[in-house]
Amino acid sequence: MTRHLITSAIPYINGIKHLGNLVGSQLPADLFARYQRARGNEVLFLCATDEHGTPAELAAAKAGKPVDDFCTEMHEVQAEIARGFGLSFDHFGRSSSPQNHALTQHLAGRLADADLIYEVSEKQVYSNADGRFLPDRYIEGTCPNCGYDSARGDQCENCTKQLDPTDLIDPRSAVSGSTDLEVRETKHLYLRQSALSEQLDTWIDSKHDWPILTTSIAKKWLHDGDGLRDRGITRDLDWGIPVKNGDKDWPGMEGKVFYVWFDAPIEYIACAGEWAEANGKTDADWERWWRTDRGADDVRYTQFMGKDNVPFHTLSFPATIIGSGEDWKLVDYIKSFNYLNYDGGQFSTSKGRGVFMDQALSILPADYWRWWLLSHAPESSDSEFTWDNFQTSVNKDLADVLGNFVSRVTKFCRSKFGETVPEGGEYGPTELALIDDLTTKIHAYEGHMEAMEVRKSAQALRAIWVAGNEYLQNAAPWTTFKTDPETAAMTVRLSLNLIRLYAVLSAPFIPTASQSLMDAMHTDHDLWPDDVTGALEVLKSGHEFEVPEVTFRKITDDERDEWQIKFSGTRD
RNA sequence: GGGCCUGUAGCUCAGUUGGUUAGAGCAGAGCGCUCAUAACGCUUUGGUCGUAGGUUCGAGUCCUACCGGGCCUACCA
């Protein structure tokens, strides 16, 4: 048995996430967690909300709420939606938790002790009207290069020229529009990542099986120009984790907080502490997942994230961990994803473009989305959501191949034998061939799941469903019933068992539907089928079941067209 | 500007370290079946593998250039 620590990139607090966010981290992480649990492995699957930073403060201000109240509410909203999608976190934490405050301050102290933190005095734009320092992106003005009047302080969107905020002509705050800006001197802490560059490089080099997407981004940062650059880890904000050295004040850093990207990954660890607290466990219970000196040696740690998160997970966070000199678990495998586009453009949280998680659940059950998103996961390149593709895939795979299989088997049985598993008959060559075929196909499915090849796993699962329809066609119980009802009974008995088998195998992808099938079959026997022959004899003759409601209804052309229009604009 | 990813049948994608006639699903065509959500099964039509060169006995696979799509480029997160 392996112990799997699994984390999903933690979604930002400022709004409800769209399907692109979902498929890039939480959903594949859930697939993997559910699969590993089903295989009998011990799993700790953690996620949280990422609550600090300028956008959170601005979103709260826009909502007219204190930022901590806003975060508390949004956390609950996201938690509820996550439950709706069947995301099986062992704990859904918060980066603003007391555990994360303490651990972030502790690690900063350790890094300071190791001489990996130093102070830098720098100039930054301050907005008097907003009463805050502005990140470069939050300053707008006219581009000195092309004259575009809404260029951002870091880069002009129009001519793509990289800018410094002081380059802008007539700069203004993107928050309030105020032109009452001034440049102020401010001190910040920098993490001396450069000192750990070689260690990080060696570590990355040792990861031969990581996706190219993951390693190439890390390598670029390590070797571009002067190599890995040091990074500011503090900000002049009100909302965040106060800059402290352990539990001691940090002279000169009063009123400042840690940068959100410093504390957010630490929440992966702190979240385990939150999990322990929420479940009446001890520190030792969570440390055995995270401390290699306290039992985490045999843990395999896998992170899931979108490609934009890679530098922080391959470099900054490992630098924090390594630099602390403490025995924290380093990630073993990083699964990164490209982006999902929406109907010819990008999903966009800020622009409200695309389908958002709450909207998705309001029109169809989670399993429809889970299936489509996972079977089209943007693994090798960006992929695209279109309503047409969604309708076609879901109708064909879920309704026709799987759903209809369940329907034809259970209804045939009911009409000929009643809602009871029939007895009699013995396996012939057709059944033995099916078992061989299923054994091969299940091994293929397992192989892809272990490797986190999401699309291939979906294809392999679908092939297992198809095998049922092929078998039924060959065995043709509706024909044999006329002359040899015992054989027809055997075919139906096996097919009913196939439904249970499919429910078990499919649960990582479509947990809700799988549970309904288990319920309809009146069974809770959900052990993974290491032996197909045995797995097809779980439901014995005489076992009662019921014909389930339609497992997956089809999406009509009218619905497709309606949704296409409904979601063509922007939200709000 | 720099780095990386990507371009394979109408669509969505597979194609191990270069090795015999380039694969799958969907869509299309034909046949079969009638238990079923007008579902299922079988057969089958589609590709000069972005373009042009090069290396090689042999390239979708390696090299170069070009064209197209995308991401990142360190103060959004």
Side-chain angles (χ1 to χ4, degrees), chain A residues 9-14 50 52-56 58 122 124-125 133-139 152-155 160-162 164-165 174 188 193 211-213 215-217 219-221 223-225 228-232 235 259-261 264 306-312 315-316 338-339 341 346 349-350 375-376 378-384 386 388-389 392-393 395-416 453 455-456 458-459 462-463 466 468-479 481 488 491-492 495 547 549-554:
Chain A
I10 63 178
Y12 199 65
I13 194 71
N14 65 342
D50 177 14
H52 299 134
T54 307
L58 297 179
E122 54 193 16
Q124 195 166 1
V125 174
F133 282 96
L134 295 174
D136 293 356
R137 291 206 177 196
Y138 285 92
I139 301 158
R152 290 189 320 214
D154 58 337
Q155 187 174 34
T160 74
K161 185 180 172 61
Q162 295 199 36
D164 188 273
H188 283 297
Q193 298 185 138
I212 294 172
L213 183 64
T215 52
S216 64
I217 293 174
K219 284 298 201 180
K220 163 76 161 97
W221 282 49
H223 299 296
D224 188 41
L228 187 59
R229 284 177 241 168
D230 295 339
R231 197 171 178 109
R235 291 291 183 272
Y259 175 39
V260 56
W261 260 117
K307 57 185 166 186
D308 52 332
N309 274 307
V310 167
F312 304 100
L315 303 169
S316 310
N338 285 285
Y339 290 146
N341 290 322
Q346 290 192 340
T349 304
S350 56
S375 61
H376 293 78
E379 289 179 296
S380 59
S381 64
D382 293 352
S383 62
E384 175 156 326
T386 63
D388 202 45
N389 186 304
T392 305
S393 297
N395 283 355
K396 195 68 195 171
D397 298 346
L398 296 181
D400 294 346
V401 176
L402 177 60
N404 182 54
F405 174 78
V406 172
S407 187
R408 64 195 298 210
V409 169
T410 53
K411 287 180 179 169
F412 180 75
C413 184
R414 180 172 63 187
S415 74
K416 306 301 182 192
E453 294 273 10
R455 281 180 183 238
K456 287 179 184 173
Q459 283 177 20
R462 190 190 129 93
V466 168
N469 283 312
E470 289 172 354
Y471 166 71
L472 217 51
Q473 192 66 28
N474 289 333
W478 47 89
T479 302
F481 181 77
T491 300
V492 169
S495 299
V547 174
E549 299 295 310
V550 170
T551 311
F552 292 103
R553 71 172 184 84
K554 292 198 186 192

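Letters go in sequence order (proteins before strands), and every chain restarts at 1.
- Judged as a salt bridge (Lys or Arg N to Asp or Glu O under 4.0 Å), and not counting sequence neighbours, D308(A) has no contacts.
- For the side chain to side chain donor-acceptor pair (under 3.5 Å) test, residues two or more places apart in sequence or in another chain that qualify with N338(A) are K307(A).
- For D400(A), the side chain to side chain donor-acceptor pair (under 3.5 Å) partners are K554(A), not counting sequence neighbours.
- Residues forming a side chain to side chain donor-acceptor pair (under 3.5 Å) with D136(A) (at least two apart in sequence, or on another chain): none.
- By the side chain to side chain contact (heavy atoms under 4.5 Å, CB included) test, F133(A) is found to be paired with Q124(A), Y126(A), R184(A), T186(A), D236(A), residues two or more places apart in sequence or in another chain being considered.
- In terms of phosphate contacts, R408(A) brings no side-chain nitrogen or oxygen within less than 4.0 Å of OP1 or OP2 of rC40(B).
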For nucleotides 28-32 of chain B, list the nitrogen or oxygen atoms of the protein found under 3.5 Å from its nitrogen or oxygen atoms, one pair per line.
residue, atom, partner, partner atom, Å
rG32(B), N2, Q473(A), NE2, 3.2

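- Taking 3.5 Å as the limit, the base of rA36(B) and the side chain of N404(A) contain a donor-acceptor pair of atoms between them.
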- Dot-bracket, RNA chain B: Watson-Crick or G-U, under 3.5 angstrom, [ ] crossing, | other strand? (((((((..((((.....[...)))).(((((.......))))).....(((((..]....))))))))))))....
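- Qualifying side chain to side chain donor-acceptor pair (under 3.5 Å) partners for N341(A), counting only residues two or more places apart in sequence or in other chains: none.
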- Query: Going 5' to 3' along nucleotides 71-77 of chain B, which nucleotides have protein heavy atoms under 4.0 Å from the base (write B), which only from the sugar-phosphate (write S), and which from neither (write -)?
  - Reply: SSSBBBB
Mind listing the side-chain donor-acceptor pairs of residues 401-413 of chain A below 3.5 Å, one per line with the distance, residues two or more places apart or on another chain?
residue, atom, partner, partner atom, Å
R408(A), NH1, N469(A), OD1, 2.9
T410(A), OG1, V406(A), O, 2.7
T410(A), OG1, S407(A), O, 3.3

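- Y471(A) pairs by the ring-ring contact (aromatic ring centres under 6.0 Å, His included) definition with nothing, not counting sequence neighbours.
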Distances under 3.5 Å only, N/O to N/O: pair up the protein atoms with those of nucleotides 49-51 of chain B.
none

